[in-house]
Amino acid sequence: SFERAMTILGGDVHHTEDASQFFPVKSVAHVDNVVEMLASLHMDVVVIRHSDSTVIDMAASVDAIPIINGGTESDHPTQALADIYTMQRELGRIDGLNVAVVGRLEHRNVSSLLRLLSLYRNVRVILVPFSGQIDPEVTVYCEERKMSLEISEDIEAAFDADAIYLNAPRTAAHIELLKSRNSFNLSIDSKFMSSLRPHCIVLDPMQRNEDFKISVQDNRLAFYRQAENALYARMAVVLNLLEG
């Protein structure tokens, strides 16, 4: 979506999965060299996705070219912007919403979403975990901002939500393990949708890959609108940097 965002804005995209193939670096300790080299090549913006969050900080500290955090092991800020933007467009507000997060909690998408939701007023979050728990630092961050965080093992706790955020397990093997423990058996069907509030939307930031069983057509399933909004959010971030 970053590449598509830049293309729609009229720019060019140069992509690499492994910078060490193209630059004389074998260690993240030399990411400053990569950034300086890209600035020398007159790149206007660099998007970095890396499992080590310190790499983003190191790259930005060079101050030679705008750096966008494309996702780390613990954070995914542009996805959170897309998620919040989707809720705003679909529901008309963020303040005062009840948001249920269902599925895997120990994930960067969830961490970033909770941090961003905590900046709004009177937001209540219900956590329905299939696995893992919220990063303790994220919990502290949200509690310091007085955001309500509640945990429930019962999916019915999500039926009072204005938005349900599905977050699937990491791998197919993880899904099968959870299913064997009867910890992952949620089906998004007509019965489930009829249990929700009439205006409640269902979000899922991941591509569908047999994680949650979805066997119903319902306009409140906002997956594809969410994906489109992710494009717009990233276009906005890029455009803001270029205009700046």
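Keep in mind that this is a model prediction, so the values were computed, not measured.
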Side-chain touch Ile134/Leu127, heavy atoms, less than 4.5 angstrom: yes

Ionic contact status for Asp160 with Arg124, cut-off 4.0 Å: yes

Salt-bridge contact Arg225-Glu90 (side-chain N to carboxylate O under 4.0 Å): yes

N-O pairing of Asp162 and Arg197 below 4.0 Å: yes

Test log, rule side-chain contact (heavy atoms from CB on, under 4.5 Å), inputs Val55 and Asp57: CA-CA 5 Å; Val55 170; Asp57 295 332; over 6 Å; no

More than 12 heavy atoms from other groups under 6.0 Å of CD on Glu137: no

Cluster link Ile151 to Phe159, ILVMFWY, side chain under 4.5 Å: no

Short N-O contact, Lys191 and Asp189, less than 4.0 angstrom: no

Under 3.5 Å side-chain donor-acceptor pair for Thr78 and Arg234: yes

Hydrophobic cluster membership, Ile8 vs Val238, 4.5 Å side-chain cutoff: yes

Minimum side-chain heavy-atom gap Ile188-Leu221 below 4.5 Å: yes

Whether Gln226 side chain and Asp204 backbone form a donor-acceptor pair below 3.5 Å: yes

Heavy-atom check, side chain of Phe192 versus side chain of Ile155, under 4.5 Å: yes

CD-NE2 distance between Glu73 and His107, expressed to the nearest 0.5 angstrom: 8.0 Å

Full working for side-chain contact (heavy atoms from CB on, under 4.5 Å) between Tyr141 and Ser118: CA-CA 8 Å; Tyr141 186 92; Ser118 72; 3.4 Å; yes

Any donor-acceptor N or O pair under 3.5 Å, side chains Thr86, Asn229: yes

Passing candidate, side-chain contact (heavy atoms from CB on, under 4.5 Å) with Leu113, options Asp83, Leu203, Val138: Asp83

Full working for side-chain contact (heavy atoms from CB on, under 4.5 Å) between Ile68 and Val46: CA-CA 6 Å; Ile68 297 176; Val46 178; over 6 Å; no

Any Leu97 side-chain heavy atom under 4.5 Å of Leu91 side chain: yes

Neighbour count above 12 (heavy atom, 6.0 Å) for Asp63 CG: no

Neighbour count >12 (heavy atoms, 6.0 Å) for atom CD, Gln88: yes

Under 3.5 Å: donor-acceptor pair, side chain of Ser111, backbone of Arg108: no

Common cluster, Met43/Leu242, ILVMFWY with side-chain heavy-atom separation under 4.5 Å: no

Side-chain heavy atoms of Ile164 within contact of Cys200, under 4.5 Å: yes

Val202 side chain reached by Met193 side chain, heavy atoms, under 4.5 Å: yes

Rounded distance (nearest 0.5 Å) linking atom CG of Leu117 with atom CZ of Arg145: 13.0 Å

Steps toward side-chain contact (heavy atoms from CB on, under 4.5 Å) verdict (Met147, Leu149): CA-CA 6 Å; Met147 188 175 78; Leu149 282 176; 4.0 Å; yes

Steps toward side-chain hydrogen bond (donor to acceptor under 3.5 Å, both in side chains) verdict (Asp52, Thr54): CA-CA 5 Å; Asp52 186 348; Thr54 63; 2.6 Å; yes

Single-linkage hydrophobic cluster, 4.5 Å side-chain cutoff, Leu114 and Val99 together: yes

Nearest atoms (heavy-atom pairs only) where Ser152 meets Pro129: O-CD, 3.3 Å

Asn167 backbone acceptor or donor facing Arg104 side chain under 3.5 Å: no

Chi angles and distances behind the side-chain hydrogen bond (donor to acceptor under 3.5 Å, both in side chains) call for Arg49, His76: CA-CA 9 Å; Arg49 172 169 289 188; His76 200 356; 3.1 Å; yes

Any donor-acceptor N or O pair under 3.5 Å, side chains Glu228, Tyr232: yes

